[in-house]
K.L.:
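I have a structure I would like to understand better, so I am pasting it below and will then ask my questions one at a time.
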Amino acid sequence: VSDRAGTLEIWATGADGAQPRQLTDLGHAIWPRWSPSGRSLTLNSMQGGRAHVYVLDASGGIPEDLIEGGMPDWSADERWIYFTLPDGPIQKIPVRGGQPIQLTDARALAPQRAPDNQVFFSSETSVNNRVRGVSAEGGEPEIVLDTFVDWAQWCVWNRKLVFVHWKNGEAPSIDMLDLVSRQTTELVSLAQSASPSWGLTVSPDGQWILYTHQDSSGSDLMLVENFR
């Protein structure tokens, strides 16, 4: 996602960052997710003040407006799109359109396809944010990772859960939970001053981890005169 064209749009580039190519021209496009085959993307765009789920061919073209909703991701067989509603629950809809199906009543953020026909998601709370899982057919969610994880700082890769691990008084790290053995391994320790932002993913071949880093932030103190 880049605003280099003036508004937030979806771009594609090589692993070295060369030859960026703009894929969307919607005026606002975020949250791109590749299909497992790499032939299509799903994404969000704000239209009329509401988030909508779109599907787009990887070569570009006109995105198809699928449904109102946010934070979409693909099912493993590419038949379904998982997404969240404005009031929180996860639903799925056929990729060609149709009636959505609700998977859980739990308020959720950032659903992702997971092994064994599951969907993982973040709890919608800043205090008790845990990664949970629910069957792709629906049901009662269960905790997958009982550690605080920011909703935009984890991903599922090859029966593993990779996440930014925040530690009280210590430098954060990027850790990996093996979903089979349940063992957690620290992959890399980040600087004490590190500020990972929204976004973390692993390349399909497992050779690279890509995450966003916030270099700086600031604010201005403003004075209003003669306000009476």
Side-chain angles (χ1 to χ4, degrees), residues 1 30-33 42-44 46 50-53 67-76 80-93 100-170 172-187 190 194-202 209-214:
V1 178
I30 58 173
W31 206 262
R33 292 293 182 268
T42 185
L43 57 103
N44 264 157
M46 296 295 291
R50 309 286 289 185
H52 282 243
V53 175
I67 195 171
E68 182 179 327
M71 300 180 175
D73 195 21
W74 298 82
S75 65
W80 300 89
I81 300 288
Y82 307 124
F83 66 98
T84 59
L85 292 174
D87 58 352
I90 298 174
Q91 297 208 349
K92 67 178 183 179
I93 187 171
I101 300 172
Q102 186 164 312
L103 301 186
T104 175
D105 292 330
R107 296 179 67 83
L109 294 170
Q112 293 189 33
R113 64 180 178 274
D116 303 322
N117 198 36
Q118 291 192 87
V119 181
F120 289 177
F121 61 93
S122 284
S123 313
E124 194 181 19
T125 167
S126 59
V127 176
N128 190 33
N129 198 349
R130 300 292 187 268
V131 177
R132 288 170 163 80
V134 66
S135 168
E137 304 306 318
E140 191 66 25
E142 297 183 353
I143 292 178
V144 176
L145 179 62
D146 196 14
T147 298
F148 175 84
V149 181
D150 188 278
W151 63 268
Q153 295 179 349
W154 61 273
C155 72
V156 181
W157 171 76
N158 195 25
R159 306 190 76 84
K160 310 285 194 306
L161 184 68
V162 181
F163 62 99
V164 176
H165 187 187
W166 293 95
K167 310 166 188 176
N168 291 332
E170 300 181 32
S173 61
I174 297 178
D175 292 4
M176 181 172 68
L177 169 67
D178 188 306
L179 296 170
V180 177
S181 69
R182 307 300 302 172
Q183 296 297 310
T184 299
T185 304
E186 181 178 301
L187 300 180
L190 305 177
S195 181
S197 186
W198 291 1
L200 181 147
T201 191
V202 179
I209 295 175
L210 180 70
Y211 70 95
T212 57
H213 173 78
Q214 183 172 316

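In what follows, every heavy atom counts, from backbone to side chain, and hydrogens, waters and symmetry copies are set aside. As the structure is a computational prediction, the values presented were derived from the model and not from experiment.
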K.L.:
Taking all non-hydrogen atoms of both residues into account, name the closest pair between Pro32 and Val1 and its distance.
P.N.:
CD-CG2, 3.6 Å
K.L.:
Let me see the working for Ile174 and Leu190 under side-chain contact (heavy atoms from CB on, under 4.5 Å), right down to the final yes or no.
P.N.:
CA-CA 7 Å; Ile174 297 178; Leu190 305 177; 4.2 Å; yes
K.L.:
Quick one: pull up CG in Leu43 and CD1 in Ile30 and give me the separation to the nearest 0.5 Å.
P.N.:
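Those atoms lie 9.0 Å apart.
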K.L.:
In Å, rounded to the nearest 0.5 Å, how long is the span from CD1 of Ile209 to CH2 of Trp157?
P.N.:
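These two atoms lie 8.5 Å from each other.
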K.L.:
Might you work through the side-chain contact (heavy atoms from CB on, under 4.5 Å) test for Val164 and Tyr211, ending with a clear yes or no?
P.N.:
CA-CA 9 Å; Val164 176; Tyr211 70 95; 5.7 Å; no
K.L.:
Would you indicate whether the side-chain heavy atoms of Phe120 and Leu179 approach each other to under 4.5 Å?
P.N.:
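Leu179 reaches Phe120 side chain to side chain.
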K.L.:
Could you go step by step and tell me if Arg113 and Trp74 meet the side-chain contact (heavy atoms from CB on, under 4.5 Å) rule?
P.N.:
CA-CA 7 Å; Arg113 64 180 178 274; Trp74 298 82; 3.7 Å; yes
K.L.:
Out of curiosity, Glu137 CD to Asn117 CG, how far, rounded to the nearest 0.5 Å?
P.N.:
5.0 Å
K.L.:
Between Asn44 and Gly69, which heavy-atom pair has the shortest distance, and what is it?
P.N.:
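Scanning both residues completely, I find the closest heavy atoms to be ND2-O, 3.1 Å.
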K.L.:
Taking atom CD of Gln112 and atom CE of Met71, what is their separation to the nearest 0.5 Å?
P.N.:
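Answer for the CD-CE pair, Gln112 versus Met71, is 11.0 Å.
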K.L.:
Among Ile81, Thr201, Asp73, whose side-chain contact (heavy atoms from CB on, under 4.5 Å) with Arg33 holds?
P.N.:
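Answer to the side-chain contact (heavy atoms from CB on, under 4.5 Å) test with Arg33 among Ile81, Thr201, Asp73: Asp73.
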K.L.:
Counting neighbours of CD on Glu142 that are heavy atoms of other residues, nucleotides or ligands and sit closer than 6.0 Å, is the number greater than 12?
P.N.:
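Result for CD/Glu142: open.
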K.L.:
Less than 4.5 Å apart, any side-chain heavy atom of Pro115 and any of Val156?
P.N.:
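Yes, at least one pair of side-chain atoms sits under 4.5 Å.
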K.L.:
Taking all heavy atoms of Phe83 and all of Glu68, pick out the closest pair and write down the distance.
P.N.:
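Phe83 and Glu68 have their closest heavy atoms at CE1-O, 3.8 Å.
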K.L.:
What heavy-atom pair brings Ala136 and Lys92 nearest, and what distance separates the two atoms?
P.N.:
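Minimum heavy-atom separation between Ala136 and Lys92: O-NZ, 2.9 Å.
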K.L.:
Find the distance between OG1 (Thr147) and CG (Leu177) and round it off to the nearest 0.5 Å.
P.N.:
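Result: 8.5 Å between the selected atoms.
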K.L.:
Quick one: closest heavy-atom pair of Thr84 and Ile90, and the distance?
P.N.:
CG2-CG1, 4.4 Å
K.L.:
Are the side chains of Asp178 and Thr185 in contact, using a 4.5 Å heavy-atom criterion?
P.N.:
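A side-chain contact under 4.5 Å is absent here.
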K.L.:
Considering non-hydrogen atoms only, spot the tightest contact between Gln153 and Val149 and give its length.
P.N.:
O-CG1, 3.9 Å
K.L.:
Set out, in order, the CA-CA distance, both residues' side-chain angles and the distance that settles side-chain contact (heavy atoms from CB on, under 4.5 Å) for Val131 and Trp154, then state yes or no.
P.N.:
CA-CA 9 Å; Val131 177; Trp154 61 273; 4.0 Å; yes
K.L.:
How many angstroms lie between NE2 in His52 and CD1 in Ile67, if you round to the nearest 0.5 Å?
P.N.:
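Going from the NE2 atom of His52 to the CD1 atom of Ile67 covers 9.5 Å.
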